[in-house]
Amino acid sequence: GESTTPEVHERVGRPRGLAYTTILTVLQRLTRKGLVARKRAGRSHVYGPALTREEFAELRGQTLASLFVQLGASGQAAFLAEAERLDPELLERLRKRVRRAR
């Protein structure tokens, strides 16, 4: 839903000990990145999601895939070797997704 900066601070910032200005800065940065939408409400702003969870997940996947390609062959091999060492199931899921994408 939508919230004002004070509402976000009360819900997220105060429990974590974050300053009001920190919450405001994060909301402004998320707005510039296109992840949060901002609209005027009197003298303040109301913030809300600019993307659905699915849209965000797709965007993040595209970004990560682009970064993976930029690693080049040796960087990709190193990444996959490390992924297999940490989580063999992750590597198998990656293989299946690559096969489906072809």
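In what follows, residues are counted from 1 in the order of the sequence shown. The structure displayed is predicted, hence computed values, not measured ones. Side-chain atoms are counted along with the backbone in the values below, which use heavy atoms only and exclude waters and symmetry mates.
In the hydrophobic clustering (ILVMFWY side chains linked at under 4.5 Å, chained through shared members), V36 is joined by V8, V12, L18, I23, L24, V26, L27, L30, L35, Y47, L51, F56, L59. Counting Ile, Leu, Val, Met, Phe, Trp and Tyr side chains that sit under 4.5 Å apart, directly or through other members, V98 stands alone, with no cluster partners.
The ring pair (Phe, Tyr, Trp, His ring centres under 6.0 Å) contacts involving residues 5-33 comprise H9-Y20, where partners must be two or more places apart or lie in separate chains. Annotation: salt bridge (charged side-chain N to carboxylate O under 4.0 Å, His left out) contacts involving residues 23-35, sequence neighbours excluded, are absent. Counting only residues at least two apart or in different chains, salt bridge (charged side-chain N to carboxylate O under 4.0 Å, His left out) contacts with residues 41-64 are absent. Applying the salt bridge (charged side-chain N to carboxylate O under 4.0 Å, His left out) test to residues at least two apart or on different chains, none of the pairs has a partner in residues 64-75. Residue pairs satisfying the salt bridge (charged side-chain N to carboxylate O under 4.0 Å, His left out) criterion with at least one member in residues 1-27, sequence neighbours excluded, are listed as follows: E2-K39, E10-R14.
Residues satisfying the side-chain contact (heavy atoms from CB on, under 4.5 Å) test with A19, not counting sequence neighbours, are T21, T22. With sequence neighbours excluded, the residues that form a side-chain hydrogen bond (donor to acceptor under 3.5 Å, both in side chains) with R85 are E82. Residues passing the ring-ring contact (aromatic ring centres under 6.0 Å, His included) test with H45, sequence neighbours excluded: none. In this structure L80 satisfies the side-chain contact (heavy atoms from CB on, under 4.5 Å) test together with F68, L91, L94, sequence neighbours excluded. For P49, there are no side-chain contact (heavy atoms from CB on, under 4.5 Å) partners, not counting sequence neighbours.
Distance check, rounded to the nearest 0.5 Å: CD of Q76 to CD of Q70 gives 10.5 Å.
Between the side chains of S66 and Q62, no donor N or O sits under 3.5 Å from an acceptor N or O.
Hydrophobic clustering, with ILVMFWY side chains joined whenever heavy atoms are under 4.5 angstrom apart, groups L71 together with L90.
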